[in-house]
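First comes the structure, then the notes that go with it.
If you're wondering where the values come from, they're calculated on a predicted model, not measured in any experiment. Both backbone and side-chain heavy atoms feed into the values below; hydrogens, waters and symmetry mates do not.
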Amino acid sequence: MGLARISALTAVLLFGTSVDASPAGAQLIGHGGPVRALAVSEDGATAFSGSFDASAIRWSLDRGIAEQVVRLHDNAVNAVAILRDGRAVTGGADARIAIWRYGSTGPDMILEGHSGPVAALAVSPDGTTLASASWDRTVRLWPLAGGAPAVFEGNQQNINAVAFAPDGKSLVSAGYDATVRLWPLWGQSAPAIINLAAPLNAVIVAPDGEIAAGGSDGHVHFLSPDGHTRTALAISAAPITSLARARGGDRIAAASADGSLAIIDRRSRSILRSARGSGADLGRGLSAGRTDAAQRRRRPRDPSLGCRDA
């Protein structure tokens, strides 16, 4: 694992209109190792976490308890996602992807094809397709109804992040070769390749199509939907390891390898609030994956304010 990825803190936004410093409502403790990945359902009722302990846990955020613990992977669970039908997905350092139904003791499906660790997962806007990014330098597009995946190749280094465009017509990836790539999902055209100043660890796409990529230079780099660079906002002296956005898309959470978290106003390109330390409280309903195997969260006032993980 690269150093920037080992110390990752995955921030997931569930907050409403205020960004206050109210204390966390609960700590979710259950993993036996650092939390590596975190996803929250669209209704804000369920979280799914993956850990370096090779397990993943489904949490009830209403009750603050673990509802399901799943184990399959031989090594760290690097990426997680929640599907529209409530099933959860894990992607592991063992190159495998598994899909889990609530209450099951084994996976519904295992997706194999990557030859290196799976670093990121994303679900298409229509819920029919799963994208995976891997350190084998490929992105794969898996039809959830079954069938062989489409494989996208061309990166020169590990791919660390992947996200769908809001219209589902293209896929965005970011990698250690310092490129953002826009992959068209229809037709045979080559991807647009945007070279940035530093290796990239995270990427999200806002509802209006704007792209934000987190770099090892401690900056969040903003790009237009067609890949033209806009601005870069300095967040930390340490690499940005994770990004997440609020459902409305105006706010972004950025986590850094030094344990700091920042909430960014995407429109004004400004930092609304920042804090440092494991489980730092940054505002109403912020959940943060922690390196000490616990998570802190505060329930949002309205479930419609839930976040889609990136």
Side-chain angles (χ1 to χ4, degrees), residues 4 7-24 38 40 44 160-161 163 165-166 172 174 178 180 194 196-290 296-298 300-302 304-310:
S7 57
L9 292 173
T10 302
V12 177
L13 301 182
L14 294 174
F15 49 81
T17 57
S18 64
V19 184
D20 57 32
S22 53
L38 185 64
V40 178
N160 292 324
V172 182
V180 171
I194 303 92
L196 297 180
L200 302 171
N201 295 320
V203 72
I204 59 170
V205 183
D208 61 6
E210 184 173 61
I211 300 164
S216 62
D217 58 358
H219 287 66
V220 174
H221 301 264
F222 293 94
L223 297 85
S224 67
D226 57 1
H228 289 90
T229 56
R230 289 178 170 171
T231 57
L233 181 62
I235 302 298
S236 171
I240 303 297
T241 55
S242 304
L243 294 173
R245 66 168 175 83
R247 176 171 292 182
D250 287 344
R251 300 186 203 178
I252 295 172
S256 303
D258 61 2
S260 65
L261 291 167
I263 294 179
I264 303 163
D265 185 298
R266 187 171 61 88
R267 303 294 184 183
S268 65
R269 303 289 200 255
S270 61
I271 299 174
L272 297 176
R273 190 172 180 85
S274 62
R276 184 186 300 269
S278 179
D281 294 315
L282 291 180
R284 185 179 304 278
L286 175 66
S287 298
R290 300 173 57 175
R296 294 166 70 96
R297 48 85 57 188
R298 183 177 176 87
R301 293 173 297 175
D302 185 339
S304 68
L305 299 172
C307 161
R308 287 166 54 178
D309 62 298

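- In plain terms, the two heavy atoms of L223 and E210 that are nearest each other are O-CG, 3.2 Å.
- Here the closest heavy-atom approach between residue G215 and residue H221 is recorded as N-CD2, 4.4 Å.
- Using modelled atom types, no side-chain atom of D265 and backbone atom of L272 make a donor-acceptor pair closer than 3.5 Å.
- Taking each heavy atom of P166 and A206 in turn, the nearest pair found is CG-O, 3.2 Å.
- We find the CZ-CD1 distance between F222 and I264 to be 5.5 Å, quoted to the nearest 0.5 Å.
- Considering CD1 of I240 and CG of D258, their distance stands at 8.5 Å, rounded to 0.5 Å.
- In this structure, V172 and V180 have side chains that are in contact, with non-hydrogen atoms separated by less than 4.5 Å.
- The minimum heavy-atom distance linking A254 with V220 is given by the pair CB-CG2, 4.2 Å.
- Atoms OG1 and CG, from T229 and L196 in turn, are 7.5 Å apart once rounded to the nearest 0.5 Å.
- For D208, the salt bridge (charged side-chain N to carboxylate O under 4.0 Å, His left out) partners two or more places apart in sequence, or in a different chain, are R266, R267.
- The two residues A238 and S236 have their closest heavy-atom pair at N-OG, 2.9 Å.
- Minimum heavy-atom separation, I204 to A163: CA-CB, 4.5 Å.
- In terms of modelled atom types and a separation under 3.5 Å, the side chain of R245 and the main chain of R247 share a donor-acceptor contact.
- Here the side chains of N160 and L200 are not in contact, with every heavy-atom distance at 4.5 Å or above.
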Legend entry - Intermediate values then yes/no, side-chain contact (heavy atoms from CB on, under 4.5 Å), I271 and I235: CA-CA 8 Å; I271 299 174; I235 302 298; 3.9 Å; yes

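- When atom types are taken as modelled, the side chain of S216 and the backbone of A198 share no donor-acceptor pair closer than 3.5 angstrom.
- One distance of note links NE2 of H228 with CD1 of I194; it measures 8.5 Å at 0.5 Å rounding.
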